[in-house]
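Notes for the one structure printed next.
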Amino acid sequence: MSQISTKPPSGMRDFLAPDVARRRHVIGVIARVYESFGFVPLETPTIENLSTLLGKYGPEGDQLLYRLLHRRERLARALEGKPDGGKTTELDLSDEGLRYDLTVPLARVVANYGELPAFYKRYQIQPVWRADRPAKGRFREFFQCDVDICGTKSLVADAEVCGAVATVLRELGFGNDANGFQIHVNHRELLRAMVSEAGIDLAMEGQALIALDKLDKIGADGVKTELVEKGIAAEAAAKLLDVLAAARAPGFLAARAADAASSVDVAKPGAKAAAELIELLAIVAGGPAGPHLVFDPTLARGLSYYTGPIFEITCAGLAGSMGGGGRYDGLIGMFTKRQIPAVGFSLGLERVLLVMEERGMFPPLGLGPQVLLCRFPEIGAAQAVAVATQLRAAGLRVELFADTPSLGKQLQYAATIGAPFAAILGSNELAAQSLTLKKLTTGEQKTLPIADVAAFVRAG
RNA sequence: GUGAGUGUAGCUCAGUUGGUUAGAGCGCCAGACUGUGACUCUGGAUGUCGGGGGUUCAAAUCCCCUCACUCACCCCA
């Protein structure tokens, strides 16, 4: 098309009024629930330095970062090439990028403000950007709704972030048991132990975990094939699947944890992790996340900064996850000498909205004017403005029709925009300081004093 | 990144083996009805048929390229 495209860029969206109403509704619940858990809000810039962002997410993550090109002289200099004749690289052209998630900016903030509380609990609801290919429920600009607790290794913190997101989903109507949604939980160290037990090189850990994650989708044979394709010996692949099968058996965590208790040496790697998961499950049992938490030894997460328990929310009918999180005790330490442990959970706003949309979970959301004020040509604009002002002062949402075409057109417009009432202002009404209120859905109408209009409209 | 599909009016979509001036429904505009919308009736406006190139007497239709979007995979929230 030679005309300028009027669509937003790929993977990005405009939000018209009904979209905004639904998004605000969900964000409102999330913020309220997060605050009820004692989290305080944080907002950070859209743009971060690349030095902050790079190397935190793993190689795939770095690839998906949006980078901002240098401007003007600096760009020109970079394009000219280096004095020593070396090749110009990405890093010469840019040193800033759009934030990729909210966790890394949080880590930067915690490192930057020493005066924050020792146990800093913040929530953050802001857009993030990833240069991904869009798909159903996946966008290049999307909102994350994060809660994180910094400054403690206590599993109570892990349990609290799970409790917060579980409460959000329960309040939104996703259900109060595991049929509504599940929080899968696993442990990075446990995964690592299983991989190493199978005799797989730790360098291949990431690849192995990605394959493992698909066990439910492609089956044991499928995973094995994929592992071998990735260069892992067939024996090791088979061993890994055996280890995993054992991990799915009831009592696995308890057996593992017992090793930790009975042995001075680390007889079985992962024993401590198993003990932690048992403890976490026990703590969570007392809270809102209790019915939803399930141990899932196949759960792996792509982000490289996780160190302990990891989480992911799934629900029936959704391909990806509604949210995820985990413990990252080393991330903040990448920004400061202080090692500050932390754990967090992130809800994907669009994923939540997608499921709510498909299931028709939205309550009626008030939107647009309650009253369209119509007037006849003989009524001056200033008089109409005065009446509209009175109605607004009484608390109504009022739109004043700007022109004075036939009353029929004005009423038609009121119906088109979905206003429940039209208020008609003519010379009779003006003389009596009254308005004729017409209910658009039924056609009933009644003339009443301006002072009584607000109560009449509210009564429906 | 891989595979498949779809691009025709504001929206949802027809459009035959290539063949006059590209259609329908909804919506929009005007009127019947200038202090009353919805129902009805009458009339009206729409468009670079995604873009570019090619084949042909003739292309929305066939071929090539390109762009955009959708779905699945990959990965993720």
Side-chain angles (χ1 to χ4, degrees), chain A residues 1-13 30 57-61 63-64 100-103 125-146 165 206-207 209-211 213-214 217-218 222 226 229-230 299-303 311-315 318-326 344-355 372 374-379 401 404-430 435-447:
Chain A
M1 227 189 268
S2 61
Q3 280 209 331
I4 297 169
S5 170
T6 52
K7 289 177 187 162
S10 161
M12 308 200 176
R13 296 152 300 155
I30 292 172
Y57 304 108
E60 292 83 4
Q63 281 308 113
L64 296 177
Y100 178 90
D101 73 354
L102 302 178
T103 307
I125 302 171
Q126 285 193 283
V128 302
W129 292 267
R130 297 184 186 178
D132 221 346
R133 180 186 285 215
K136 187 179 181 187
R138 176 151 100 229
F139 305 94
R140 301 200 303 177
E141 175 181 60
F142 62 98
F143 271 65
Q144 291 195 319
C145 312
D146 279 34
V165 297
Q207 293 291 309
L209 295 185
I210 287 169
D213 201 27
K214 296 180 203 165
K217 275 188 229 164
I218 61 179
E226 192 164 325
E229 278 170 9
K230 288 179 173 182
L299 172 65
R301 306 213 72 233
L303 299 177
F311 317 109
E312 197 158 282
I313 306 181
T314 61
C315 86
L318 183 70
S321 70
M322 256 193 308
F345 217 125
S346 177
L347 278 176
L349 179 64
E350 286 62 22
R351 299 283 168 84
V352 171
L353 286 163
L354 183 70
V355 176
L372 181 76
C374 308
R375 74 186 207 272
F376 289 99
E378 63 267 27
I379 305 298
F401 201 92
T404 56
S406 73
L407 186 57
K409 295 212 182 307
Q410 300 190 51
L411 291 175
Q412 178 59 61
Y413 182 74
T416 299
I417 63 172
F421 288 94
I424 301 162
L425 179 60
S427 41
N428 298 339
E429 285 86 357
L430 188 64
L435 283 171
T436 298
L437 260 286
K438 174 159 187 147
K439 186 168 184 177
L440 277 304
T441 48
T442 61
E444 299 169 68
Q445 67 181 51
K446 185 178 180 184
T447 301

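So you know, we letter chains A, B, ... as the sequences are listed, proteins then strands, and number each from 1. Bear in mind the structure is a predicted one, so any value in this text is a computation, not a measurement.
Nucleotide B:C76 forms a pair with no other nucleotide shown, judged by Watson-Crick or G-U wobble geometry with both contacts under 3.5 Å. Nucleotide B:C71 forms a Watson-Crick or G-U wobble pair with B:G3, both donor-acceptor distances falling under 3.5 Å. Pairing for B:U61 is absent, with no Watson-Crick or G-U wobble pair whose two atom distances lie under 3.5 Å. Using the Watson-Crick or G-U wobble rule with both distances under 3.5 Å, B:G18 pairs with nothing in any strand shown. Shown here, B:U42 forms a base pair with B:A30; the pair counts as Watson-Crick or G-U wobble because both key distances fall under 3.5 Å.
Counting only N and O atoms by type, the side chains of A:Thr436 and A:Glu429 include a donor and acceptor under 3.5 Å apart.
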| said: One character per nucleotide, please: for nucleotides 70-77 of chain B, 5' to 3', B when the base has a protein heavy atom closer than 4.0 Å, S when only the sugar-phosphate does, - otherwise. | reply: -SS-BBBB

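Proximity of a side-chain donor or acceptor of A:Gln410 to a complementary backbone N or O of A:Arg375 within less than 3.5 Å is detected. Not a single donor-acceptor pair under 3.5 Å links the side chain of A:Glu350 to the backbone N or O of A:Arg138. Between the A:Arg140 side chain and the A:Ala131 main chain, no donor and acceptor come within less than 3.5 Å of each other. Under a 3.5 Å cut-off, the side chain of A:Arg351 and the backbone N or O of A:Gly137 do form a donor-acceptor pair.
Distance check on atom C1': B:G25 versus B:U36 gives 28 Å, rounded to whole Å. On the C1' atoms, B:G47 is 30 Å away from B:U40, given to the nearest whole Å. B:G54 and B:A45 are spaced 34 Å apart, taking the P atom of each and rounding to whole Å. Taking the P atom of each, B:U61 and B:A9 are spaced 15 Å apart, rounded to whole Å. Here the separation of B:A14 from B:U6, taken at their P atoms, is 11 Å to the nearest Å. The C1' atoms of B:A60 and B:G15 are separated by 8 Å, rounded to the nearest whole Å. When the C1' atom is used for both B:G53 and B:A59, the distance is 13 Å, rounded to whole Å. Comparing the C1' positions of B:G50 and B:C67 gives an interatomic distance of 7 Å, to the nearest angstrom.
Contact annotation: A:Lys409 side-chain N/O to B:C29 OP1/OP2 distance is not under 4.0 Å.
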| Criterion side chain to side chain contact (heavy atoms under 4.5 Å, CB included) on A:Cys145 and A:Ile125, from CA distance to verdict | CA-CA 4 Å; A:Cys145 312; A:Ile125 302 171; 3.9 Å; yes

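The aromatic rings of A:Phe311 and A:Phe345 lie parallel to each other, their planes meeting at an angle below 30°, with 60° marking the opposite boundary.
A:Gln63 comes within 4.0 angstrom of no nucleic acid atom, judged by non-hydrogen atoms across all strands. As judged by a 4.0 angstrom heavy-atom cut-off over every strand, A:Gln445 is placed among the base-contacting residues. Contacts of A:Asp101 with the nucleic acid, taken as non-hydrogen atoms under 4.0 Å apart, are absent.
Atom P of nucleotide B:U34 and atom CG of A:Leu411 are separated by 13 Å, given to the nearest angstrom. Atom pair A:Leu440:CG and B:C39:P shows a separation of 13 Å (rounding to whole Å applied). For the pair A:Gln410 CD and B:C33 C1', the computed distance is 16 Å after rounding to whole Å. Between the P atom of B:U36 and the OH atom of A:Tyr413 lies a distance of 21 Å, rounded to the nearest Å.
Between A:Leu407 and A:Pro9, the one whose closest nucleotide on RNA chain B sits nearer the 5' end is A:Leu407.
The base of B:G35 does not come close enough to the side chain of A:Glu378 for any donor and acceptor atom to sit less than 3.5 Å apart.
A:Leu425 is not listed as a side-chain neighbour of A:Phe376, based on a closest heavy-atom distance of 4.5 Å or more.
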